[in-house]
Student: 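First the structure, then my questions, so here it is.
Start at 1 and go down the list; that is how both ligands and their atoms are numbered.
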Amino acid sequence: MVTGGAGFIGSALVRRLVADGETQTLNFDALTYAGNTHSLPDPRTTQRYRFIKGDIRDHASLSSAISAFKPDIIMNLAAETHVDRSITGPQAFIDTNIAGTATLLEAARTYWEALDDTRRQSFRLHQISTDEVFGSLGPTGRFSETTPYAPNSPYSASKASADHLVRAWHHTYGLPVLISNCTNNYGPYQYPEKFIPRVIVNALAGVDIPVYGTGENVRDWLFVDDHVDALLAVAGRGEPGETYAIGASEEHTNIDIANRICALLDEMRPRGSGSYADLITHVTDRPGHDARYAIDATRARRELGWQPRKTFETGLRRTVSWYLDNRHWWAPLLDREV
Ligand code: NAD
């Protein structure tokens, strides 16, 4: 059972699960502005996939979905995820990311406690979290599983709170949970409010490409399908009660990424005159903008045998090419009222 499976990462996970064909997958998603059924298989075309429009804050509908579907594992990707939105409207982040996770934990616990011994032992609840819970790094060092939490934005604070709840449900009730904290993802089907698709769609529209401040903020970037590999490794082979830091050690500044995307577009879809990079515009920085995130994924690599398959160069090329070929997916989102 995947919650939030109509979003960017959740839909990549659902597509993989359905394509691999060995599992039954239930996608439970509220279809907020960020959820999109066009990113997903059609449930009418396969027996292996079901969709329920439901809200993780709604205990009754969650419980009835769980007791009808009887999952072996619940992977929670349902969340409000855009930092800028968390600054202008934090309440939705508190409601879904904190209260929603608590509601899910309680629904899962009730279900898990009633399972027979064998299924109780193999059940897992996997909370998908972010490296942003660790705060901001200086020029050196990397986050790992032992880094103390120090979230700085309403988004990261809500995700940190959720992680604490998940941990507490393990220690207090014995619920077999897993937590993974991943770096920034990029790839196909990402909502165009996020940085990489924003650069691509603005460039193609010939409008300003906004870059916060000087553009020197550093993020560690992971191709979304590599994150899906990591999620399946954590869910399948992770130790209950443990957390796993996931990242590709691909650190890049925002301004470097904007320039690389413009160079790829210059090559793949040349403008009439000049470079797309001429559209890059520095705008007032986000309040409290974290300087640098980077993950040390040694544990996931060593204990789970996970490793990313795409370099940033190949992943970015694939992403730009996908947005060029799939305007029908993203163009309607630009006009959507949210
Ligand atoms: P997204 O915003 O693209 O999708 C979120 C999904 O959750 C949407 O389908 C939305 O409809 C659904 N949703 C929101 N509120 C809900 C609710 N109350 N009940 C049920 N469904 C609800 O997010 P994403 O980028 O795919 O991120 C998924 C998870 O991964 C999040 O928990 C996020 O914190 C985490 N994460 C994301 C990144 C990243 O770079 N995108 C990196 C690390 C971790």
Student: Does a side chain donor of either Y49 or R15 reach within less than 3.5 Å of an acceptor in the other side chain?
Tutor: no

Student: So does D266 pair up with R271, basic N to acidic O under 4.0 Å?
Tutor: no

Student: Which part of T183 is near ligand 1, with near meaning a heavy atom under 4.0 Å away: side chain, backbone, both or neither?
Tutor: backbone

Student: Should the proximity of T32 to ligand 1, defined as any heavy atom under 4.0 Å, be assigned to the side chain, the backbone, both, or neither?
Tutor: both

Student: Should G7 be counted as touching ligand 1, given the test is an N or O pair under 3.5 Å?
Tutor: yes

Student: Go through the steps to decide whether D296 and S144 satisfy the test side-chain hydrogen bond (donor to acceptor under 3.5 Å, both in side chains), and finish with yes or no.
Tutor: CA-CA 5 Å; D296 174 357; S144 74; 5.6 Å; no

Student: Using the benzene-type ring in the case of Trp, are the ring centres of F312 and F223 under 6.0 Å apart?
Tutor: no

Student: Judging by distance only, is a nitrogen or oxygen of I56 under 3.5 angstrom from one on ligand 1?
Tutor: yes

Student: Provide, to 0.1 Å, the distance between atom 37 (C) of ligand 1 and the closest protein heavy atom, together with that atom's residue and name.
Tutor: I9 CD1, 3.4 Å

Student: Between ligand 1 and T130, is the shortest N or O to N or O distance under 3.5 Å?
Tutor: no

Student: Is any NZ, NE, NH1 or NH2 atom of the basic residue among E251 and R292 found under 4.0 Å from an Asp or Glu carboxylate oxygen of the other?
Tutor: yes

Student: Classify the contact between Y155 and ligand 1 as side chain, backbone, both or neither, using a heavy-atom distance cut-off of under 4.0 Å.
Tutor: side chain

Student: Could you verify whether a donor N or O on one side chain and an acceptor N or O on the other, from S180 and H126, lie under 3.5 Å apart?
Tutor: yes

Student: What atoms in ligand 1 come closer than 4.0 Å to a heavy atom of L31?
Tutor: 11 (O)

Student: Does the distance from a Lys or Arg side-chain N to an Asp or Glu carboxylate O, for E267 and R317, drop under 4.0 Å?
Tutor: yes

Student: Could you verify whether a donor N or O on one side chain and an acceptor N or O on the other, from N254 and N217, lie under 3.5 Å apart?
Tutor: no

Student: Measuring from non-hydrogen atoms of A92 to any atom of ligand 1, is the shortest distance under 4.0 Å?
Tutor: no

Student: For ligand 1, is any non-hydrogen atom under 4.0 Å from K159's backbone (N, CA, C, O), its side chain (CB onward), both, or neither?
Tutor: side chain

Student: Taking non-hydrogen atoms only, is S11 closer than 4.0 angstrom to ligand 1 via side chain, backbone, both or neither?
Tutor: neither

Student: For N184, counting its heavy atoms only, list the atoms of ligand 1 lying under 4.0 Å from any of them.
Tutor: 40 (O)

Student: For atom 29 (C) of ligand 1, what is the closest protein heavy atom, and at what distance to 0.1 Å?
Tutor: L77 O, 3.7 Å

Student: Can you sort out which atoms of ligand 1 are near I128, meaning under 4.0 Å from one of its heavy atoms?
Tutor: 29 (C), 30 (O), 32 (O), 35 (C)

Student: Under the side chain to side chain donor-acceptor pair (under 3.5 Å) rule, collect the residues that match up with N181, sequence neighbours excluded.
Tutor: S129, D163

